[in-house]
Participant: 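Sending over a structure as structure tokens; questions will come in a sec.
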Amino acid sequence: MGNFSAVSEFILLGLSADAQVQAVLFVLFLVIYLLTLTGNSMMLLVVMADACLHSPMYFFLGHLSFLDLCHSSVSVPKMLENFMSKTKTIPVGGCLAQAFFVFATGGTEALLLAVMAYDRYAAICHPLLYGQMMNNRLCEGLVWGSWGLAIVDALINTLPAVNLDFCDHRTVHHYNCELPSLFLLSCSDVSTNITVLTWSFVIHAFGTFLLVFSSYGCIVSTILSISSTTGRSKAFSTCSSHLTVVILYFGSSCLRYLLPASGSPWELIFSLQYSVITPMLNPLIYSLKNKEVKAAMKKMFGKYCQ
């Protein structure tokens, strides 16, 4: 290995080195983050407050809103701080902790989206058995199981990275700490780490995608078998919002983790999509396309305005 000086902190290069551009980006992402906090908090309050929304579908939607709050809060506050800072540093331990929480919350969201796809399958394909298939105990188990599996997956990938040596090059060509970016900075042999990361992501992504794909395959088959146009439209509207979120999230996250890490601008774009943009869009997608959520919001705002 030769002689080297182990680093104690990294420099997060961010999205731009230009001070004026950073000021514009600070305002832009501050607005995005505030919208994310407001939209998802509002969705949580509506689901908790309105008795009409105490069903499995909205139980999962409430947890998705909480998860989006967590996922965006892992990266965006530090990014905003760095826009206004000259040093833009983060301790190695803090960077690894951020990488863990990015992986854990992102993995939980993927699993939760798969669970929500199964919920839509049960509601559309087996409406008479829906109450039995999606009972309270199962719904809670699916949510906690999603958190547990994602945290275990994050530990499997993050704990070995603690033993890596980071030296000389300490600039992270990213706005946050993600494992693929950190592996580029290590002077240790990271082949095993990359293999573990690749296979764990493939298994995680393939399992969730298989559940989503099979659920929507059955849903589409059931919708096409409905004779009336009104019935087909109503059935499709119940899952169109979720399908939109699945495409946005899975598309960008898969491209981020399956493409070789190289520090290219595309990695920044894909990461921004699933960790910053999608959490902001989720409450808008679900509220604008859902009559029950809009009615609950009007009812709640009506009470406060009286």
Side-chain angles (χ1 to χ4, degrees), residues 12-50 53 58 60-90 94-95 97-99 101-106 108-110 112-113 174-178 241-242 244-245 247-249 252-253 256 267-290 293-305:
L12 290 172
L13 198 60
L15 302 178
S16 175
D18 186 281
Q20 292 182 339
V21 175
Q22 288 181 10
V24 174
L25 290 174
F26 174 83
V27 174
L28 174 63
F29 284 100
L30 177 61
V31 171
I32 290 175
Y33 186 54
L34 291 176
L35 288 174
T36 302
L37 294 180
T38 303
N40 285 289
S41 298
M42 188 64 65
M43 187 67 71
L44 263 175
L45 288 174
V46 168
V47 170
M48 293 171 62
D50 198 300
L53 301 183
Y58 297 105
F60 295 132
L61 183 56
H63 279 278
L64 180 65
S65 295
F66 173 74
L67 194 55
D68 282 334
L69 287 172
C70 297
H71 193 46
S72 60
S73 297
V74 172
S75 302
V76 179
K78 182 61 179 177
M79 179 170 62
L80 293 174
E81 177 192 335
N82 286 342
F83 282 141
M84 296 289 100
S85 173
K86 292 184 178 180
T87 57
K88 307 182 190 306
T89 58
I90 182 171
C95 196
Q98 188 183 62
F101 285 112
V102 167
F103 206 101
T105 55
T108 305
E109 182 149 350
L112 189 58
L113 289 173
H174 213 283
Y175 65 88
N176 69 357
C177 295
E178 291 186 344
S241 299
H242 178 257
T244 302
V245 173
I247 293 172
L248 288 173
Y249 186 80
S252 56
S253 60
R256 170 67 178 103
E267 294 177 13
L268 292 172
I269 294 171
F270 295 143
S271 292
L272 285 172
Q273 173 61 53
Y274 72 77
S275 64
V276 179
I277 305 301
T278 300
M280 179 193 67
L281 293 178
N282 281 354
L284 293 174
I285 292 171
Y286 280 106
S287 62
L288 291 176
K289 288 191 172 187
N290 193 300
V293 172
K294 287 190 286 187
M297 284 186 173
K298 289 179 181 179
K299 188 191 300 183
M300 188 175 72
F301 282 121
K303 288 181 180 180
Y304 288 121
C305 292

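As the structure is a prediction and not an experimental result, all values here were calculated from the model. Position 1 is the first residue of the sequence; numbering continues from there. Computed over heavy atoms, backbone and side chain alike; hydrogens, waters and symmetry mates excluded.
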Participant: Within a strict 4.5 Å, meaning less than it, do heavy atoms of the Glu109 and Thr105 side chains meet?
Facilitator: no
Participant: Report yes if the side chains of Leu12 and Cys177 come closer than 4.5 Å at any heavy-atom pair, otherwise no.
Facilitator: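 A side-chain contact exists here, since the closest heavy-atom pair is under 4.5 Å.
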Participant: In chain order, what residues pass the side chain to side chain contact (heavy atoms under 4.5 Å, CB included) check against Leu35, with sequence neighbours excluded?
Facilitator: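 Testing Leu35 for side chain to side chain contact (heavy atoms under 4.5 Å, CB included), a comparison that skips the adjacent residues, returns Val31, Met280.
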Participant: For Tyr249, what residues pass the side-chain hydrogen bond (donor to acceptor under 3.5 Å, both in side chains) criterion, not counting sequence neighbours?
Facilitator: none
Participant: Determine which pairs satisfy salt bridge (Lys or Arg N to Asp or Glu O under 4.0 Å) with at least one residue from residues 75-85, sequence neighbours left out, and list them in order.
Facilitator: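 Salt bridge (Lys or Arg N to Asp or Glu O under 4.0 Å) check on residues 75-85 returns Lys78-Glu81.
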Participant: Run the side chain to side chain contact (heavy atoms under 4.5 Å, CB included) check on Ile285 and Leu248 step by step: do they pass?
Facilitator: CA-CA 11 Å; Ile285 292 171; Leu248 288 173; 4.1 Å; yes
Participant: If we only count heavy atoms from C-beta on, is the Leu272 to Leu15 side-chain gap below 4.5 Å?
Facilitator: yes
Participant: Distance-only check: which donor-acceptor pairs under 3.5 Å involve side-chain atoms of residues 22-30, not counting sequence neighbours?
Facilitator:
from  : atom 1 : to    : atom 2 : distance (Å)
Gln22 : OE1    : Lys88 : NZ     : 3.1
Gln22 : NE2    : Ser16 : O      : 2.7

Participant: Write down the atom of Pro279, the atom of Pro283, and the distance for their closest heavy-atom approach.
Facilitator: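 Residues Pro279 and Pro283, closest heavy atoms: O-CD, 3.3 Å.
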Participant: Could I get the full list of side-chain hydrogen bond (donor to acceptor under 3.5 Å, both in side chains) partners for Thr89, not counting sequence neighbours?
Facilitator: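 Listed in chain order: nothing, the list is empty.
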Participant: Check side-chain hydrogen bond (donor to acceptor under 3.5 Å, both in side chains) between Thr278 and all other residues, then give those that pass, not counting sequence neighbours.
Facilitator: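 Residues passing side-chain hydrogen bond (donor to acceptor under 3.5 Å, both in side chains) with Thr278: Gln273.
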Participant: Check side-chain hydrogen bond (donor to acceptor under 3.5 Å, both in side chains) between Thr108 and all other residues, then give those that pass, not counting sequence neighbours.
Facilitator: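 For Thr108 there are no side-chain hydrogen bond (donor to acceptor under 3.5 Å, both in side chains) partners, ignoring immediate neighbours.
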Participant: In a table with atom names and distances, give each donor-acceptor pair under 3.5 Å that connects a side chain of residues 61-70 to protein atoms at least two apart or in another chain.
Facilitator:
from  : atom 1 : to     : atom 2 : distance (Å)
Ser65 : OG     : Leu61  : O      : 3.2
Asp68 : OD2    : Asn282 : ND2    : 2.7

Participant: When you measure from the side chain of Tyr175 to the backbone N and O of Ser75, does any donor-acceptor pair fall under 3.5 Å?
Facilitator: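 Looks like no, no N/O pair under 3.5 Å.
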Participant: For Glu178, what residues pass the salt bridge (Lys or Arg N to Asp or Glu O under 4.0 Å) criterion, not counting sequence neighbours?
Facilitator: Arg256
Participant: Which pairs of donor and acceptor atoms, one on a side chain in residues 41-49, lie under 3.5 Å apart (sequence neighbours left out)?
Facilitator:
from  : atom 1 : to    : atom 2 : distance (Å)
Ser41 : OG     : Leu37 : O      : 2.6

